Each structure stands twice: as structure tokens, then as C-alpha cells.
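Quick caveat, the model's predicted, so the values are computed rather than measured.
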Amino acid sequence: MPVFCRQTKPKTPTHDHAVKGVVMDTGTNLELKDAVAVILNSKDSIIRQFTRTQPDGSFLMNGMKDGNYILYISYPGYADYTEKFALDSNRTTKDFNTIGLILKTNLLKEVIIKGTVSTIQIKGDTTEYNAKAYHLGPNAKVEDLLKRLPGIQIDQDGKISAQGQTINKVLVDGEEFFGDDPTLVTRNLRSDMVDKVQLFDKKSDQATLTGMNDGKTDKTLNIQLKEDKKNGYFGKADVGVGTDGYYRGQLMFNSFKEKQRFSVYGITGNNGKTSLDWQDNAKYATSNMDISSPGMMIDLGGYDELESHSGQYDGKGLPTARTGGVHYDNKWKSDTLSVNANYKIGALAVDGTNNIQTQNNIPTGRINSNADHTFHNHIFRQKMDGVFQIKPDSTTNLKVTLNGGIKNTEQINHAFTTTENEAGDILNDNLLNSSSNIDQQDLTAGVLYTKKLKKQGRAFSLNVIGSIHKINTTGLLASKINFYSNGLPDSAQSINQFKANAVSKNAVNTILNYAEPLSKAMLMIVSYGLAAGSSRSNQQTFNQSADGNYSFLDSLYSNNFEVKQFSNQLGLHFNLVKNKTILGFGSKVSSVDFQQMDIYAKKRLNRNFTLWNPQANLEYRISQQSAIRLNYDGNSVEPTVAQLQPVLINNDPLNITQGNPDLKPSFIQRVLIRYQAYNPLNGQLIGIFLGYQQTASPVVSNLMTDSSGRTINRYINLEDKNTGNLNFAVFFDRKIKPLDLNAGINLNMNGNTYYNLSNNELNRTNYTVYTLQARFSKAKANVYEFNASLGPTYTVSGSSLQQNSNNNGRGFTSNGDFTLYLPGKFQLSTNANYQYNSKTETFAQNFSRIIMNASLNKLFLKEQTLTLSLSGNDLLNQNTGFNRDISGHLITQNNYTTIKRYFMISLSYDFNKVGANKTPKK
């Protein structure tokens, strides 16, 4: 231990740090020569260095040491520019990029005359919102603040989206806070603790530490706390009892002490507001780790009906949830050591009914089915994740990550389905009862080592990642099917089976990167990767024998299949940074040895693939507050084990799936163009986003449907057609000063093209949704707050097999919330959601729904931290579970049980002791 301490003892602050940037006129975009650039101590304003800008507007000051500083820029006729910054062992160079100066004549305009706080700054790829510019009521949370920010939307479930993308991570001061559950931050952290909110695309650890863009980003919010709010404790206790047996309870405690943070929470309730994080599959316990590269795809399974894309309760059924967690993070020894750890435990039970209407397009017409389901699902899960980081000096970083979890899922489903042809003649009916018990274990570990060498820009990194994933499933399937001919009974089929499935997936990846500067502006990055993995799926189905036991193995629905992979990967990338332009380009290529073994059939298939991963990105900064970015990447995607395994899956005996061991990798290409500009003089924010994705040789469904309505789906590669997705979004926000109103408008278009084979005929499906949305918000401190959004939608869909069928439909959605601050510390709040979907040729009825909630709150205590509430949920009792979707060859409409009207009385206490609460006596 003494040796270790000597190794990690902080070194004397170095003097090799640098500060640089380019000074320009924001109006003309011309570089300003001979502008004065001064660095001052943040504490006492003593000048440390100064210089003048070059003819190209650039400046560079070397020889700086660790510390907190202020950059001061001055030029005759222009307003002065100041910004605080810090230099340390992890931030040896501070690049301000382009600094825009504003003519003093422009500063005399109304924005500056009124002395309003600047609301937005665009710094590189980061949009930064100043929380001081938004006035909120007492006890307001971060979620209330986010609703006021231009370009950010929050739905009624707390799901956050920005710039057309879902936000999956919310950080606090740049650190993970309870992992991937954003609502634990947004619904519990007080808004008056926030200094800045930063929106950006968080790069992977590999890209951040090596400088090589790997195309893996998460749209992320960072909540930056005020300095005086980083010491102390705060939290919330909330309990509520309602009519019809509804209840809720929550306790959250947070302790912040400089760089140490500790949090614990517990939630229970059956009112749907569970704030649970059930993203257990593709992102289960993997946090920032990528276990799929190089040249390897390890399938972690898909979402079940409890796991919506947002990772939260999706509204289907009546839930009962109990969950809790602990978070701890700390930095010590001058930030050379840090730890970030989370533990979560939770249970979620959901009971309900679901009516599913489905249209299946086939060459001879349409097959329509109607299914009534009654279900019970229960999930219990424990999950841990942690990151330990060592930075012995300014050039070395070692990061160790460990994530693991266990999960048990119980599912019971009773369903009755009828199937008819286009003429309305019944083809079959099916009474199905199924149950399953699923045990899942996951463990992922990784080590990332980076080292910066003596020459500036020269560095290497080594990343080693391993994962173990196991799923064991047992279950019963009982089905009784009646087939009809010309509307009369023809035949029947009964199934009574026991199923035992065991799936295991293991992988080890090693990636080595080396960066070499070719010049001051150009960086070359060479990478090599080595990966090995195996996946095994043993599917066993047993038929019931005469004695009632399940002892006869059914070989038609049983198979033991194994896939082993070994890959080598080489990569070469170049990054160029020149004035206002950043350009990156390169590619990776992998050679994959792919071994498949059908153990039952004693068949072995060895194949070799060459997989490409080209990448290019271009950023041009038009001004300090505007930029345009272009990204391109392509990657090969291997088929999953479930798609390869040659076994019939009859969980729904009328819709059987069969894998195809001859599948080949698909190739996906993506292009993303983004433009964003902010004008601080009038508060105007404009954004344009265009994304396109195309898949060559896609894996699609080859459907064979017989005259009785029974379908077998077999996966194939479609060689001569490409599937595609197009996403276009425009948003415009501006403050209307005469009305003191924030207003904005969004235009979105999301369309996709999908192919499948139906009875050997090619079917092309198009599905496009157009959305126009206007947004308004207005607030007067301690008087009222108002937020609203509304607009129409139009859906265009079609199938090449049913060209005369019109399923286009109109829609309209609106959301709003209003809070009125009354005398006597009373508050009246209401929020409403309206949804309308017009009838189509497939679905003959319009759908409309208004969900209105309201609450009357009474605040107590001097700080107004104790709240007594009387609330009503779904006052109009119109909350009907509804969803309409088009996916591939199927058009589906769901009507399901959901939470309806109830009333609740609740008491909540927001305790808060952070910073200096009292003014010291003189």
C-alpha cells in the first residue's frame, strides 16, 4: 500500500498547459487582428499572461500551470468577452475554438438594455442553457425547468427528447447518477440548484480518450449545479392514498459533500408513476461498454411487452411497483482516483387485458385477426454497476468497469383469437394458454488504459471487455385450434407442451489504438482489434404423455445450436482540425471466422466474412453560435442466433417462426446532417436535422400463409432490395417580447420502407408520419406558469400487395399544463393531453381521448417545503389504452387495460440544506 500511495501522490503542478482560440466578429464572421487576449487568476484577477491575436484572429499562450483562470478578450468598438476556465492534469489544453465579439452598437439593442440573462450558448457540439433565465415556482424540479427550454420536449411519462432524438442519459456535473434512469434526476433534483443545462452527444469512452470518432453517441443532458449547492443534503418524502385502492410512496435522500455524493431512494405505488428503469436487454448492465465490436454481434435479446423503448412502464395493464437503489461517487487524491457505483433492486407486477386487431397483407387479399388477451407479468431484478478510475499523472488513465445483474420474469397469458379472410369468412379460432418462468444472469467487465506520449497528440489505448450472459426459460403451452372451410368446422388441432430453453452468450474483445500527429492540424489513428465469442441456444419441447408427464421430446420444435466467432480487425482514421473546420474520415475492416454447429443434426458450417465500417464526419462552425455538421457511417451487422437457429418456434401455433442458418450479414449506412443557430440578441433558435439509413441485403421475413390462415415465417436475405428510414426535423424557437411569450414550431417527418416475401411474392411497405407542432410557454414569477403544445399529424401507409387499400389517416395531439399561484400559499395545477386518430379502411372507427389531471396544493412552512395535495387523475374518465402501428407486413391496433379516473390526497416534504443558508452576523 505505501508503494501504491507513492505512485499516486500528486505531482507538482506542471507548466506545459496551453490556451488558444480564434477571435471573430459575430456579424461579419471576419477574423479580428490585434485583439487583446489576457489570462487572469480567477481568485484575485492578477494577470498571468497576455498577447494579441494574429492576422487570422488566432491566439496561443503556452506555459500555463494548473489553476482556475479567466480569459478576457478586448477589441476597440466591441463588447468585452470574459469566460472562466480551469487547467489541470486532465485538461492540459483549453481550446476556446471561435470566440465571437459583438459590436457595442448592437449591444444597445433591447436585449442588453433590459439587462436580461443570456439564455443559450452554443459551444462546439454543446447547447448550453442558463437556468437563471427561467423563473420557476418553489419546489420546482429539473423536469419543470426542462419543459421551458427551447428544443426540448417531455411527455407525460417523463420521457425526454431533443432535436428529434430520445435522451437516454442525464448526468449531474458530468457524472453518472443512478445509471440509465433519467427520471430519477429530473423528477427529484430541485431546479433552484441548477446553474446550467448542457445538451450534447456523449461519445463513447473509447472516442473520448483516443480522439477517434467511433460513431457511438448518446444524446445526453448534463445538469451543472451551482457551486454553493454542491455541499449539503436534500431530498423528498412523498406519500399518497387514493380512491379505488390507488397509492404511492417515495423517499429519496441525497448528500453532496464537495466531490463526494451519496443517494438512496425507494419507490412504491400502483398509480403508474413508478419511474422504473427496466432496460435489461440490449443495454442491460452494459452502461458505456460496447461488446459488439470488432466484427462481432452478441445478441442480448429483445424487449418483452413490459419493456417499452423508454425503459419504463408503458401503460398496458395495471402496475404494482416496488423499487429502490443506492448511488455513490467520489473523487480524491487531487482527482487521481474516482469511483462511481449504483445498486438497484425492484419488482414490477402488471395485470390487464389487451385486444389486438391485426391485418396481414398477402397476394390473394387480406387476413384479419382479432385476439383478446388476459395477462399477468411479474419481474424481479437486482443490478449493480461501478466504475473505478485511476489517473496517476496527466498522461495516464486506467478505467475499470464492472456491471452485473440478475432478473426473474414470470408471464401468464390467456388468449382467444379468431381469423377471417377479406370477405369476412372465418378461417380459424384458437384458445391459447401459456406460462413461462425466465431466469437471467449478466456480467460485463472492462478495462480501458490510455497513455499520452511525449509528442503532443501521440497516444495509445488498450481496451479489454468481457461479458457473460445466460437465460434459462421453462414454460407450458396449451392450444386448441379449430379450422373452418366455407364458414363450417373442418378440422381441429390440440397442443399440450412443456418447453425448456437455455441460452448462453460469452464474448471477449480487445482493441488497441495508436494516435500519431502528422502535423499540427492532422492526426492519424491506427487500431487493431481481436475478438472471440460463442452463443448457444438449446431449445427443447416435450409433448404430454398418457400419464400426464411431459416425457416425449418433439424433434420438430427442438434444436441445440451453437455459434462461435473469431475476428481480427484493422482500422485507419484521420482527424483534421483547421480554423473553423473539423474533418474526420477512415474505416475499419474485420475478418470474421464464423462457425455454426447444429448439434442435433450433427451439421457443421464454417464461413468467413469480411465486414467494413467506414466513417466520415465534417463540422463547420459558421459563427460562435451556429454550426453545420455532417456524419456518415456504415457497418456490417451479422444475423442473431435466434435468426440462424433452424428450429420451429410455435409459441403462437398460428404464427410459427423458423431460423435460417444460411443468413449472411447485412450492411447498414447512415447519413446525418445537422444545422443549428442561436441569436442571443432576440433569443431565436433554429435547428434542421436530416437523417437517412439504408440497409443492404437486409434480413426480412419470408411468409407462407395457407388457406386456413396459418403462417410460417422464415428469415432470408433480400439481395436486390434495400430497406430505408428517413427522418427530417425542423424546429424554430423565439421569444415574442411584446407578449413576453416563448413560442416555437416543430416539423417532423419520419418514414420507412420495408420489404418482405408473402407466399413468394415481394411486398413493399411504406409508412410515413408527418407531424406539425406549435409550442408556447409563459410564466410570471409567483403568479402563473403555462406550457402548451399542439398540432396535426398525417400518416401515409401502403402495401404493394394491396395497392387499392387506403390506410392513410389524420391525427391531432395536444399537451398543456397550467399552474396558478393563489393567495395563502395555495397552488392550482392542471395538465391535459388530447389525442385523435381518424378511421382508416382497416379500422372503421375514429379514436379520440382527452386525459385531464388536476391538483390543488397547499404549501406550509416558511420555505414552502411541505405540500398537502388533493389531486384527480383522468378527470373525464376517458383514458382508454390505445395504440396503432404499422410494422413490416402487419397493421396492428391495440386496445388495452390502463389506469383510469381516481382521486388522491398526498403529503410531500422537500427537505433541503445546501450551501450557506444564513447570512453571517457582522
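- Side-chain atoms of Lys383 never come within 3.5 Å of backbone atoms of Gly346 as a donor-acceptor pair (strictly under, hydrogens ignored).
- One side chain, Asn894 or Asn354, offers a donor N or O that lies under 3.5 Å from an acceptor on the other.
- Tyr328 pairs with exactly one of Asn340, Val339, Val264, Asn342 by the side-chain contact (heavy atoms from CB on, under 4.5 Å) rule, that one being Val339.
- Between Phe818 and Asn831 the shortest side-chain heavy-atom distance does not fall below 4.5 Å.
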Can Asn377 and Phe375 be said to form a side chain to side chain contact (heavy atoms under 4.5 Å, CB included), step by step? CA-CA 7 Å; Asn377 298 311; Phe375 60 85; 3.6 Å; yes
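- Under the 3.5 Å distance criterion, with hydrogens and angles disregarded, a donor-acceptor pair is assigned to the side chains of Asn746 and Arg775.
- Using a 4.5 Å heavy-atom threshold, the side chains of Ile406 and Asp442 count as separate.
- Nearest approach of Thr336 to Lys333, heavy atoms of both residues: OG1-O, 2.6 Å.
- When each of Tyr233, Phe234, Tyr265 is paired with Asn254, the side-chain contact (heavy atoms from CB on, under 4.5 Å) condition holds for Phe234 and for no other.
- Nearest heavy atoms, Ala321 versus Leu348: CB-CD1, 3.9 Å.
- Minimum interatomic distance between Phe812 and Ser814 (heavy atoms only, all atoms of both residues): CE2-CB, 4.1 Å.
- Heavy atoms only, all atoms of each residue included: Tyr836 and Ser848 are closest at CD1-CB, 4.0 Å.
- Among all heavy-atom pairs drawn from Lys196 and Val194, the shortest one is O-CG1, 3.5 Å.
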Criterion side chain to side chain contact (heavy atoms under 4.5 Å, CB included) on Ile379 and Lys407, from CA distance to verdict: CA-CA 7 Å; Ile379 291 176; Lys407 173 182 172 183; 4.1 Å; yes
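- With sequence neighbours excluded, the residues forming a side chain to side chain contact (heavy atoms under 4.5 Å, CB included) with Phe903 are Thr243, Leu875, Arg901, listed by chain and number.
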May I have the step-by-step check of side chain to side chain donor-acceptor pair (under 3.5 Å) for Ser869 and Asn857, ending in yes or no? CA-CA 4 Å; Ser869 299; Asn857 307 319; 2.6 Å; yes
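- Under the 3.5 Å distance criterion, with hydrogens and angles disregarded, no donor-acceptor pair is assigned to the side chains of Gln878 and Arg849.
- Other residues, nucleotides and ligands contribute over 12 non-hydrogen atoms within 6.0 Å of the CE atom of Met904.
- Here the CG-CG distance, from Asp439 to Asn408, works out to 4.5 Å after rounding to the nearest 0.5 Å.
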Decide side chain to side chain donor-acceptor pair (under 3.5 Å) for Tyr821 and Glu785; before the verdict, give the C-alpha distance in whole Å, the side-chain angles of both, and the deciding distance to 0.1 Å. CA-CA 9 Å; Tyr821 297 91; Glu785 297 174 13; 2.7 Å; yes
Could you give me the CA-CA distance, side-chain angles and deciding distance for Arg248 and Asp238, then say whether salt bridge (Lys or Arg N to Asp or Glu O under 4.0 Å) is met? CA-CA 8 Å; Arg248 77 165 189 249; Asp238 184 10; 3.0 Å; yes
Let's go through Leu907 and Leu866 carefully: what are the C-alpha distance in whole Å and the side-chain angles of both, what is the deciding distance for side chain to side chain contact (heavy atoms under 4.5 Å, CB included) to 0.1 Å, and is it a yes or a no? CA-CA 7 Å; Leu907 185 68; Leu866 182 66; 3.9 Å; yes
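- Formation of a donor-acceptor pair under 3.5 Å by the Thr898 side chain with backbone atoms of Gly317 is not found in this model.
- Leu859 and Gln864 make their closest contact through CD2-OE1, 3.2 Å (heavy atoms, listed as atom of the first residue, atom of the second, distance).
- Of the inter-residue distances, the one linking Ser789 atom OG with Phe776 atom CZ reads 10.0 Å to the nearest 0.5 angstrom.
- Between Asp910 and Lys236 there is no salt bridge, since none of the side-chain N atoms of the basic residue sits less than 4.0 Å from a carboxylate O of the acidic one.
- Taking Tyr246 as the reference, Tyr902 meet the ring pair (Phe, Tyr, Trp, His ring centres under 6.0 Å) condition, with sequence neighbours excluded.
- Taking the ring pair (Phe, Tyr, Trp, His ring centres under 6.0 Å) definition, one finds that Phe882 meets it with Phe847, sequence neighbours left out.
- Asn270 and Thr320 share no side-chain donor-acceptor pair at under 3.5 Å.
- Applying the side chain to side chain contact (heavy atoms under 4.5 Å, CB included) criterion to Asn787, with sequence neighbours excluded, gives Arg148, Ser777, Asp817.
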Applying salt bridge (Lys or Arg N to Asp or Glu O under 4.0 Å), run through Lys259 and Asp335 and close with a yes or a no. CA-CA 9 Å; Lys259 297 176 182 179; Asp335 294 352; 2.6 Å; yes
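- Asp874 and Asn853 share no side-chain donor-acceptor pair at under 3.5 Å.
- Ser829 and Thr819 share a donor-acceptor pair across their side chains, judged by distance under 3.5 Å alone.
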The test is side chain to side chain contact (heavy atoms under 4.5 Å, CB included); show your working for Gln411 and Asn437 and say whether it passes. CA-CA 7 Å; Gln411 298 176 329; Asn437 188 292; over 6 Å; no
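- Side-chain N/O atoms of Gln382 and Tyr343 include a donor and acceptor closer than 3.5 Å.
- Interatomic distance, Thr771 OG1 to Asn748 CG, rounded to the nearest 0.5 Å: 6.0 Å.
- Atom NZ of Lys399 and atom OG of Ser338 lie 8.5 Å apart (nearest 0.5 Å).
- Residue-environment remark: NZ (Lys780) stays at or below the threshold of 12 foreign heavy atoms within 6.0 Å.
- Judged by the 6.0 Å and 45° rule, Lys316 forms a cation-pi pair with Tyr896.
- Each of Asn879, Asn815, Thr813 was evaluated against Asn833; a single residue qualifies, Asn815, per the side chain to side chain donor-acceptor pair (under 3.5 Å) test.
- Distance check: Phe911 CZ to Met252 CE gives 10.0 Å after rounding to the nearest 0.5 Å.
- If you check the side chains of Thr353 and Thr897, you find a donor sitting under 3.5 Å from an acceptor.
- Evaluation of the side chain to side chain contact (heavy atoms under 4.5 Å, CB included) rule for Ile412 yields His376, His414, Ser435 as partners, not counting sequence neighbours.
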Working for side chain to side chain donor-acceptor pair (under 3.5 Å), residues Asn130 and Glu128: CA-CA 7 Å; Asn130 190 345; Glu128 184 177 87; over 6 Å; no
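- In this view, Lys778 and Asp740, Leu741, Tyr784 satisfy the side chain to side chain contact (heavy atoms under 4.5 Å, CB included) rule, not counting sequence neighbours.
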Evaluate side chain to side chain donor-acceptor pair (under 3.5 Å) for Asn271 paired with Asn873, printing each intermediate quantity in order. CA-CA 9 Å; Asn271 63 338; Asn873 182 78; over 6 Å; no
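- Atom NZ in Lys825 sits 14.0 Å away from atom CG in Leu868 (nearest 0.5 Å).
- Seen from the ring of Phe860, Lys858 counts as a face-on cation partner, given the 6.0 Å and 45° thresholds.
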